[in-house]
Amino acid sequence: DAGVTQSPTHLIKTRGQQVTLRCSPKSGHDTVSWYQQALGQGPQFIFQYYEEEERQRGNFPDRFSGHQFPNYSSELNVNALLLGDSALYLCASSFSSSVLGYTGELFFGEGSRLTVL
Amino acid sequence: GQQVMQIPQYQHVQEGEDFTTYCNSSTTLSNIQWYKQRPGGHPVFLIQLVKSGEVKKQKRLTFQFGEAKKNSSLHITATQTTDVGTYFCAGQVDSNYQLIWGAGTKLIIKP
């Protein structure tokens with residue numbers, strides 16, 4: 001049973017460019033959350049996708065956008081990259097129970113390390 | 001905005017000593033989760049606490065959730081080299097799907 005897989009693992013971009021990161025959730029999971037983790041910091045919530053829609057969004061600008069596909073996989077897109085976007089981007093999958101507003105255990109991928117020069 | 005403060009930032013211990021990390025939220029939490037992240041790795045779920053005053057144990061790890069559901073702690077008894085990593089708490093507020101993460105406490109074993 002594959003866990004959460006993310007690609008690419010590492011990438012280098014220059015300021016102003018655009019990047020797309022991909023995530024396949026753990027088998028049986030229907031919800032994908034994206035986090036940004038700067039060095040030495042805790043993960044910061046970007047947004048969560050469920051039923052192919054953005055269900056919740058954190059305090060990130062519109063340059064950060066995403067998508068969820070019918071097979072539950074997800075993409076994170078970042079436009080007009082800034083130096084400050086350099087970080088580890090983590091995808092976490094979970095199963096959304098029938099309890100409204102409940103967030104259960106998150107399973108994380110290995111992350112995509114983005115460096116912006 | 002809503003914050004979860006976690007202290008200390010680092011804790012250096014001799015192998016065999018105990019380790020404790022504390023989290024304090026500015027608002028009441030519906031539940032709190034704990035994760036461990038090894039150096040160069042990704043966060044791995046340890047446990048979730050939901051009830052006021054809840055205490056859960058996993059071998060040498062003891063997790064507590066405060067009566068007011070605003071604070072939580074993780075205590076490790078007799079640390080081992082395998083315990084090295086950063087421990088994060090992550091809280092959920094009301095029916096808000098996002099988790100609010102502490103900054104983590106890094107456990108370092110002194111040589």
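A, B, ... follow the sequence lines: proteins, then strands. Residue 1 opens every chain.
Annotation: the span from A:Phe45 atom CZ to B:Ile100 atom CD1 amounts to 10.5 Å, rounded to 0.5 Å. A distance of 13.5 Å separates CH2 in B:Trp101 from CD in A:Gln41, rounded to the nearest 0.5 Å. In this structure, NE2 on B:His42 lies 10.5 Å from CG on A:Leu88, to the nearest 0.5 angstrom.
For B:Tyr35 against A:Leu106, the heavy-atom pair with the smallest separation is OH-N, 3.1 Å. A:Gly42 and B:Phe88 get closest at one heavy-atom pair: CA-CE2, 3.3 Å. Residue B:Pro43 comes nearest to A:Phe108 through the heavy atom pair O-CD1, 3.4 Å, listed as atom of the first residue, atom of the second, then distance.
For A:Glu105, the parts lying near chain B are the backbone and the side chain together; criterion is any non-hydrogen pair under 4.5 Å. Only the side chain of B:Gln37 comes within contact range of chain A, with heavy atoms under 4.5 Å apart. For B:Gln98, the parts lying near chain A are the backbone and the side chain together; criterion is any non-hydrogen pair under 4.5 Å. Only the side chain of A:Leu90 comes within less than 4.5 Å of a heavy atom of chain B; its backbone N, CA, C and O stay farther away. Interface remark: A:Gln44 contributes no atoms to any contact with chain B (heavy atom separation under 4.5 Å). With a 4.5 Å cut-off on non-hydrogen atoms, A:Arg113 does not touch chain B at all. Heavy atoms closer than 4.5 Å to chain B are found nowhere in A:Tyr50, neither backbone nor side chain.
Note on A:Val78 and A:Phe60: same hydrophobic cluster, where clusters join Ile, Leu, Val, Met, Phe, Trp and Tyr whose side-chain heavy atoms are under 4.5 Å apart, directly or indirectly.
The number of heavy atoms from other shown groups lying within 6.0 Å of CD (B:Gln14) is above 12. Annotation: A:Tyr72, atom OH; neighbour count of heavy atoms from other residues, nucleotides and ligands within 6.0 Å does not exceed 12. Residue A:Leu39 qualifies as open at atom CG: its count of foreign heavy atoms under 6.0 Å is 12 or below. Enclosure of atom CG in A:Asn71 by more than 12 non-hydrogen atoms of other residues, nucleotides or ligands within 6.0 angstrom is indicated. Counting heavy-atom neighbours within 6.0 Å of A:Arg63 CZ, excluding the residue itself, gives a total above 12. A 6.0 Å sphere centred on CD of A:Glu54 holds more than 12 heavy atoms belonging to other residues, nucleotides or ligands. Counting heavy atoms of neighbouring residues, nucleotides and ligands inside a 6.0 Å radius, atom CZ of B:Phe45 exceeds 12 of them. For B:Arg60, the CZ atom is densely surrounded, since the number of other residues' heavy atoms within 6.0 Å is greater than 12.
Looking only at distances, a side-chain donor or acceptor of A:Gln56 sits under 3.5 Å from a matching main-chain atom of B:Tyr97.
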